[in-house]
Every structure is written in C-alpha cells, then in structure tokens.
2 protein chains.
Amino acid sequence: MTAGEASGRGPRARMVFSAAQLLRRGGVGATGMRDVVEHARAPRGSLQHYFPGGKEQLVNEAVEWAGQYAAGRVARFVAGLPEPTPSGLFAAMVRQWTDELARAGETSGCPVAAAVVDRADTSESTRTAAAAAFATWTGPLAGALTDMGVPAARAEALATVMISAVEGALLIARAERDVRALTTVARELGPLLDGAVVRH
Amino acid sequence: MTAGEASGRGPRARMVFSAAQLLRRGGVGATGMRDVVEHARAPRGSLQHYFPGGKEQLVNEAVEWAGQYAAGRVARFVAGLPEPTPSGLFAAMVRQWTDELARAGETSGCPVAAAVVDRADTSESTRTAAAAAFATWTGPLAGALTDMGVPAARAEALATVMISAVEGALLIARAERDVRALTTVARELGPLLDGAVVRH
DNA sequence: GGCCGTCTATGACGGCTGTCATAGTAGCGG
DNA sequence: CCGCTACTATGACAGCCGTCATAGACGGCC
C-alpha cells in the first residue's frame with residue numbers, strides 16, 4: 001500500500017488508490033475531493049466524470065479496493081512463510097503494520113475502519129461496502145487456515161478473531177504511537193491459533 | 001452510556017457527555033460544536049467559556065470521559081459475575097455491545113476509536129488523550145484479571161488482547177450490522193483467557 | 001448602589017466543503 | 001470537414017464549519 005503502486009494505472013484507479021491512502025490518515029471527514037485529486041495527480045474534472053456518485057462512490061470504491069488488497073496480501077504472506085502455521089500467518093499480518101509504524105511518523109490506519117467509524121451510521125452503501133471488504137478479507141484468510149489443518153468449522157471464526165485483533169490493536173498502537181499492542185496480540189494469540197490445527 | 005446519565009450534572013459535564021455520544025456516531029468530522037450544544041441542551045455561549053481550547057479540548061475531554069467510563073464498567077462487570085472468571089468478564093464486556101446493537105438501529109461505536117481514526121495524525125493532544133483513555137481502561141482490567149488468578153506478568157497483555165478484540169470486533173459488527181463478530185471473539189477467546197489462570 | 005466575576009446571547013467572519021454548470025480539447029470514424 | 005464520444009478545465013454556488021467580538025444578564029460582596 002506504499003507509493004509506487006499508483007503509477008502505470010489510469011487516473012481513475014489512481015484516484016481510488018489515493019482516496020484509500022488519505023482515508024487512512026484522517027478519516028472520511030478530513031479527506032477532501034480536492035485533496036484526492038492532488039494526491040493522485042489527476043485532473044479535477046475527471047472526478048465528476050469517473051465518479052458521478054460523488055464522494056460516497058469514491059469512498060466506497062476505496063474501501064472495496066482495500067478489501068481486495070488485504071485479501072491479496074494473505075496469499076503473499078502464506079507464500080513467504082518458512083512453514084505454514086496459523087501463528088506465523090498472523091505474525092506476518094501484524095508485522096506489516098509494525099514495519100510501517102517503525103518507519104518515521106507513519107501512523108496511518110486502516111481505510112475500512114475509517115469508513116466504518118465515519119459513515120456506518122450515515123451512508124448505508126458505505127456500510128455495506130465495508131462489510132463486503134471485511135468479507136473478502138475473511139474469505140482467503142479462512143481458506144489459508146483450513147489449508148494449514150484448521151477444521152473448516154472453526155476457520156472462519158478464527159479468521160474473524162485475527163482481523164478483530166489486528167484492527168483493535170492497530171487502533172491502540174496508533175494512539176500510543178507504539179507497536180506494543182500489535183506485538184502483544186501476535187504473541188498471545190499465537191498458541192490459540194496453532195492449537196486449532198488438527199494433525200493428520 | 002445511555003440517556004439519563006446527562007441529567008443532574010452541570011452544562012459543562014453535559015457537553016462533554018454529549019460530545020462523546022456524538023463522536024460514537026459519525027466521528028470527529030461529523031460532530032459539530034453546534035450539534036454538541038443542541039444535544040446537551042446547553043447554551044451555545046458556554047462553549048467558549050468552558051472550552052477555550054475549542055473543539056480539540058472538547059474532544060479530548062470526551063475521550064478522557066470515555067476512558068473513565070470504560071474503566072468504571074470493569075468493576076461493575078466483575079461484581080455482576082456469578083463466578084469471577086476471565087472469560088466471564090470478557091463475555092460481559094462483549095454483551096454490553098451486543099445488547100446495544102440488538103436495540104433498534106443502534107450501531108454507535110467507541111468514541112476513543114473515533115478520535116484515533118480521525119485525529120491521531122492531526123492532533124497530538126488528542127492522540128495522547130486516546131492513549132491515556134486506553135491506559136485507564138487497561139489498568140482496572142488487568143487488575144481484575146490478577147484478582148482472578150492470572151499472573152501479573154500476563155495480566156496486562158491479556159487486557160490488551162481483550163480490548164483489541166472488542167474494538168476490532170465492534171468495527172466489523174457495525175459494518176455488518178450484526179453481532180456475529182462480537183459473539184465470535186467472545187467464544188473463541190474464552191478458553192485462552194481462562195487458561196491463563198493459575199490454580200492455588 | 002457600585003463593582004466584579006461567572007456565565008450566557010447572538011451575530012458575523014473567513015475558510016473550506018461537495019457539487020454543479022458550462023465550456024473546452026483530443027482523438028477517431030465517416 | 002463533420003460529428004461524436006471521452007475526457008478535462010474552471011469558475012461559481014450554497015452551505016456548513018470553528019472561531020471570535022461584542023454585549024448583556026445574574027448574583028454575591030464590599
């Protein structure tokens with residue numbers, strides 16, 4: 001989700017990407033349409049052309065993009081694991097945030113969380129988009145767990161636990177400007193996750 | 001955190017309470033000063049009198065209030081438990097949210113989370129206030145765990161896990177407008193929490 | 001009565017917001 | 001050259017925001 005992913009794509013995709021990026025910082029309220037255009041280095045006139053639904057549509061697509069991004073990372077994390085264990089996968093998910101937090105001043109959060117906090121009660125479509133984003137994230141995550149030997153019945157529940165813990169710990173970590181909460185949940189939840197694996 | 005807690009106190013306290021209430025709905029951006037005044041049924045002129053620091057001060061105090069409120073609930077939850085176990089305490093914390101979600105349309109979130117999402121990168125004082133709120137919540141929670149037999153070394157870590165899980169699951173629950181994520185983390189984390197108790 | 005500190009009332013100001021109306025350009029098939 | 005579509009440019013608009021300036025009310029205390 002760092003810079004560099006924006007180049008090469010068209011203006012439309014860049015705007016969605018930039019919107020997601022800015023949502024992570026100050027939420028929906030602090031993310032102006034003009035800011036998105038400038039961040040994406042896109043023409044302002046393209047806004048009403050590509051997003052006739054206005055800010056709501058842009059936010060929704062940014063949330064959708066974030067969900068797909070998170071889902072895609074799951075497979076990459078599994079591939080990068082020396083041996084595929086649930087605790088290892090969870091640690092990798094957490095490490096993505098601790099690494100970003102370790103880089104100077106970077107304390108951005110999750111765009112989906114921002115959308116929920118700012119718009120869940122206001123925009124039904126945004127609320128739905130956020131729910132869909134969580135679902136597209138949970139799917140591959142639960143799939144990875146079952147591949148590691150977690151019974152299908154528990155895999156989805158544990159995937160929800162993993163996402164909840166990461167999102168919540170990220171909130172605390174941003175407030176404290178410290179990775180403590182993130183590393184804590186990774187350490188404490190590891191045994192629980194690995195304990196769900198059934199040997200065969 | 002429901003209605004009724006506002007009456008009897010002075011206008012100043014009512015405004016802080018109302019600010020926290022409104023923060024839960026739409027975050028900082030959607031919470032206007034005029035909205036707070038109206039919700040608190042307080043005179044508008046009192047704003048610049050009681051909160052010369054402006055909106056930032058009001059938000060910070062609302063966050064601080066929320067932290068103290070959450071801390072106070074911990075003791076009440078423990079007192080209401082038939083037998084004091086970590087899983088029982090966690091279930092009680094979760095139930096507060098599921099109950100509220102079950103009531104029609106109520107999908108408000110946590111004011112501290114809202115402050116973090118919207119202001120963590122903007123206002124240093126608000127970020128600090130949020131970190132303090134989490135700390136005043138974690139303290140009594142860890143204390144309750146040690147009283148139940150959890151070693152002091154792990155109690156604080158598990159308290160962080162509990163808060164992270166609740167905050168994250170609440171995010172998902174608001175998006176889905178369903179208690180699923182909340183009940184899931186309560187069920188899955190119960191054994192882990194109780195397993196930390198050492199018999200004597 | 002005169003003074004003062006505490007609190008309230010109200011209108012105004014500049015700035016920013018999302019959105020829209022309108023016009024313009026580029027490229028391409030005919 | 002025309003016409004059409006896709007895209008861009010730009011200025012304006014109404015509305016809301018947080019903040020401030022100014023003035024008034026109320027009550028106690030010398």
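Below, chains carry the letters A, B, ... as their sequence lines are ordered, and counting in each starts from 1.
Note: CG (L47(B)) to P (dA21(D)) measures 16 Å, nearest angstrom. The interatomic distance linking E38(B) (CD) with dC17(D) (P) rounds to 11 Å, in whole Å. Distance, Y50(A) OH to dG18(C) P: 20 Å, rounded to whole Å. L58(A) places its CG atom 14 Å from the C1' atom of dT19(C), with the value rounded to the nearest Å. Rounded to whole Å, atom P of dC16(D) lies 17 Å from atom CE of M33(B). If you measure from atom CZ of R34(A) to atom P of dT8(D), you get 18 Å, rounded to the nearest angstrom. Rounded to whole angstrom, the span from the CD atom of Q48(A) across to the P atom of dA21(C) amounts to 9 Å. For R14(A) and dC7(D), the CZ to P distance is 13 Å, given to the nearest whole Å.
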Go through the steps to decide whether M33(A) and F51(A) satisfy the test side chain to side chain contact (heavy atoms under 4.5 Å, CB included), and finish with yes or no. CA-CA 11 Å; M33(A) 307 265 88; F51(A) 305 95; over 6 Å; no

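At dT8(C), none of the side-chain N or O atoms of H49(B) fall inside 4.0 Å of OP1 or OP2 (strictly under the cut-off).
Between the side chain of R12(A) and the base of dT8(D), no donor-acceptor pair of N or O atoms lies under 3.5 Å.
Comparing P11(A) and V28(B) by the nucleotide of DNA chain D whose heavy atom lies nearest to each, the residue mapping closer to the 5' end is P11(A).
Ionic pairing of R119(A) and E56(A) is not present here: no N-O contact between side-chain nitrogen and carboxylate oxygen is shorter than 4.0 angstrom.
Each of M93(A), E156(A), R73(A) was evaluated against L141(A); a single residue qualifies, M93(A), per the side-chain contact (heavy atoms from CB on, under 4.5 Å) test.
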